[in-house]
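Note sheet for the following structure.
Since we're looking at a predicted model, the values are computed, not measured.
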Amino acid sequence: AAATAAAAATAAAAAAPAPLAGAGGLAAYGSIVSDGSDGDVSREPFSERVAIAKVLKAGKKAVGACVTVCGWVKTNRAQKELNFVELNDGSCLANVQVIVDGSTHGGREAANATGCATGASMRVVGVIVESPASGQKTEIKAVSVELLGTVDPSSYPLAKKGHSLEFLREVAHLRSRTNTMGAVMRVRNQLAFATHSFFQKHGFLYVHTPLITASDCEGAGEMFQVTTHKLEAGKVPAVYAPEEDFFGKEAYLTVSGQLNGEYYACGMGSIYTFGPTFRAEQSHTTRHLAEFWMIEPEIAFADLTDDMNLAEAYLKHCFAHVLAHCAEDLAFLSKMYDKGEGPKLPDRLRQITEQPFVRITYTEAVELLQAAERAGKVWEFPPVWGEELQTEHERYLCEVTFKKPTIVYNYPKGCKAFYMRLNDDDKTVAAMDVLFPKVGEMVGGSQREERLDVLLRRMQELNLPEEPYKAYLDTRRCGTQKHAGFGVGFERLVLYATSMDNIRDVIPFPRWHGSATF
């Protein structure tokens with residue numbers, strides 16, 4: 001009893017928030033937080049709790065330490081004199097087991113209360129002890145338990161059973177509590193961190209480009225219009241007058257930050273953007289969203305080769321980072337979602353980091369695809385020089401022909417955007433796509449057309465008016481220089497790194513045609 005009381009006192013002291021006394025009081029919050037591997041299970045900087053990931057990583061080094069953990073109940077098994085509560089706080093895939101017995105203050109009452117079921121929230125103060133059970137090194141012997149939020153098991157949508165990914169999209173506000181979404185979001189988080197660390201380490205400036213624009217970067221016309229004019233259901237709207245709208249002209253949600261990114265690259269050297277973009281495609285495929293995130297670097301005084309080198313180095317850095325920081329989540333996702341033969345998810349990512357990407361011209365790619373057709377391969381869309389490669393072509397090249405990521409470059413000008421640099425043959429442009437197994441196009445980029453006369457001619461060919469692109473053209477009039485860049489659909493990057501099949505399952509709240517819930 002004395003030991004239990006002492007443990008409770010120690011745990012209470014450890015859980016008490018430290019006072020903020022001027023700059024000195026804030027100093028502790030600036031220190032690097034241990035991940036627990038050194039046995040340090042001190043509280044989180046801005047919370048009374050200790051992350052469960054830290055407790056588990058500390059393992060037997062932390063036996064005897066008093067901690068406060070908070071989380072949501074995964075399972076609650078009641079026995080005659082004990083409750084075994086599995087608690088998870090989202091910091092890792094694994095749960096920590098909490099042992100609640102008659103000596104636990106408020107414990108059996110809380111653990112056996114109506115509503116202390118899967119999904120309930122709980123605060124536990126306890127001592128880390130060695131676990132006699134297999135599969136776990138330690139568990140927490142509870143000193144006190146507080147039931148923070150109850151759950152009605154009859155209506156809780158995430159009862160302890162298997163749920164389809166389709167169903168989880170219908171409860172996207174709660175699906176972060178599931179093992180799958182927890183693992184996917186932790187990988188997504190590390191990929192975002194890797195993105196910033198890569199570009200910052202290599203001297204790139206992070207630029208915030210606008211979400212509202214008056215220009216269509218891709219020239220595709222599939223844009224969401226922004227207006228303050230009221231539209232009422234059942235009423236025919238009045239004739240739209242752009243000059244009377246909020247911005248005095250038509251405005252849209254951006255499909256890309258590239259043009260604005262180029263403005264800053266042409267004055268600051270190397271920049272990158274990382275933000276949301278929008279496209280009003282009425283698509284219901286597993287590869288398209290209406291709202292998605294893009295990473296778009298731009299490098300001044302650089303050509304297509306530099307661009308390809310940057311894309312390959314960036315992707316390898318991202319996957320190496322995920323391998324180093326998400327091993328538990330990758331193993332779980334591989335077990336649950338890897339299908340068929342071949343290397344599993346961690347091995348696929350490792351191969352990408354260790355092997356050079358294949359690089360071939362568009363013309364060589366079409367020749368390989370046509371040769372496959374002559375050998376008996378049946379295409380839904382037969383490959384024809386001058387037309388965009390379809391997903392079936394892209395995947396064949398990197399899954400069958402080369403069995404690794406493949407960069408295809410020098411595309412016909414007719415299937416690429418106006419801003420891509422025209423090659424000397426007057427038929428192709430200095431464009432490149434990085435193709436990945438399972439995904440198809442992962443990266444799309446190009447050397448930008450820096451010659452004003454050529455750029456104007458390309459715009460005329462595509463019937464693009466000059467006025468909306470006046471600022472873009474000014475960068476060619478005012479000290480033009482070669483430069484290059486690319487765009488990466490962040491969700492496609494997450495898709496590949498998690499072995500998921502549907503892009504709607506790798507973004508917290510997906511938006512697609514017909515759906516904008518939560």
For S121, side-chain contact (heavy atoms from CB on, under 4.5 Å) partners two or more places apart: W72, L148

side-chain contact (heavy atoms from CB on, under 4.5 Å) partners for A117, two or more places apart: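 With sequence neighbours excluded, A117 shows a side-chain contact (heavy atoms from CB on, under 4.5 Å) to P153, given in chain and number order.
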
Y314/F199 aromatic ring centres below 6.0 Å: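 They qualify: ring centres under 6.0 Å apart.
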
Check: Y272 ring centre within less than 6.0 Å of Y206 ring centre: yes

Does any part of the side chain of [Y], heavy atoms only, come nearer than 4.5 Å to the side chain of [X], both counted from C-beta?
X	Y	value
D501	T286	no
L87	V124	yes
F292	M294	yes
E222	V255	no
V145	L147	no
I503	R287	no
L253	E291	no
R348	Y496	yes

Measure up the [X] and [Y] rings against each other and bin them: parallel (under 30°), tilted (30 to 60°), perpendicular (over 60°).
X	Y	result
F490	F274	perpendicular
H321	H325	parallel
Y396	W379	perpendicular

Pairing of [X] and [Y] as salt bridge, 4.0 angstrom limit:
X	Y	result
E328	R186	no
E491	R188	yes
E44	K54	yes
D35	K57	yes
K344	D347	no

Does [Y] offer a backbone N or O that forms a donor-acceptor pair with the side chain of [X] under 3.5 Å?
X	Y	value
R511	T517	yes
Q258	F486	no
D433	L435	no
E392	E380	yes
K61	S37	yes
R177	G119	yes
D245	T227	no
Q355	K404	no
R169	D505	no
S515	W512	no

Pair Q136-S131, side-chain donor/acceptor within less than 3.5 Å: yes

Is it true that atom [atom1] of [X] has more than 12 heavy atoms of other residues, nucleotides or ligands lying nearer than 6.0 Å?
X	atom1	value
Y264	OH	no
E166	CD	yes
F246	CZ	no
Q282	CD	no
K137	NZ	no
H105	NE2	no
F193	CZ	no

Please give me the minimum heavy-atom distance between [X] and [Y], naming the atom from each residue.
X	Y	result
V184	V506	CG1-CA, 3.8 Å
H317	S197	NE2-OG, 3.3 Å
P510	R175	CD-NH2, 3.4 Å
L191	A497	CD1-CB, 3.9 Å
V171	P157	CG1-CB, 4.1 Å

Between CZ on residue F357 and SG on residue C398, distance to nearest 0.5 Å: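 Atom-to-atom, F357:CZ and C398:SG are 10.5 Å apart.
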
Only distances under 3.5 Å count here; give the side-chain donor-acceptor pairs of residues 92-101 to other protein atoms, sequence neighbours excluded, each with its distance to 0.1 Å.
from: N95; atom 1: OD1; to: N88; atom 2: ND2; distance (Å): 3.0
from: Q97; atom 1: NE2; to: E139; atom 2: OE1; distance (Å): 2.9
from: D101; atom 1: OD1; to: S103; atom 2: N; distance (Å): 2.9
from: D101; atom 1: OD1; to: S103; atom 2: OG; distance (Å): 2.7
from: D101; atom 1: OD1; to: T104; atom 2: N; distance (Å): 3.4
from: D101; atom 1: OD1; to: T104; atom 2: OG1; distance (Å): 3.3
from: D101; atom 1: OD1; to: K141; atom 2: NZ; distance (Å): 3.4
from: D101; atom 1: OD2; to: K141; atom 2: NZ; distance (Å): 3.2

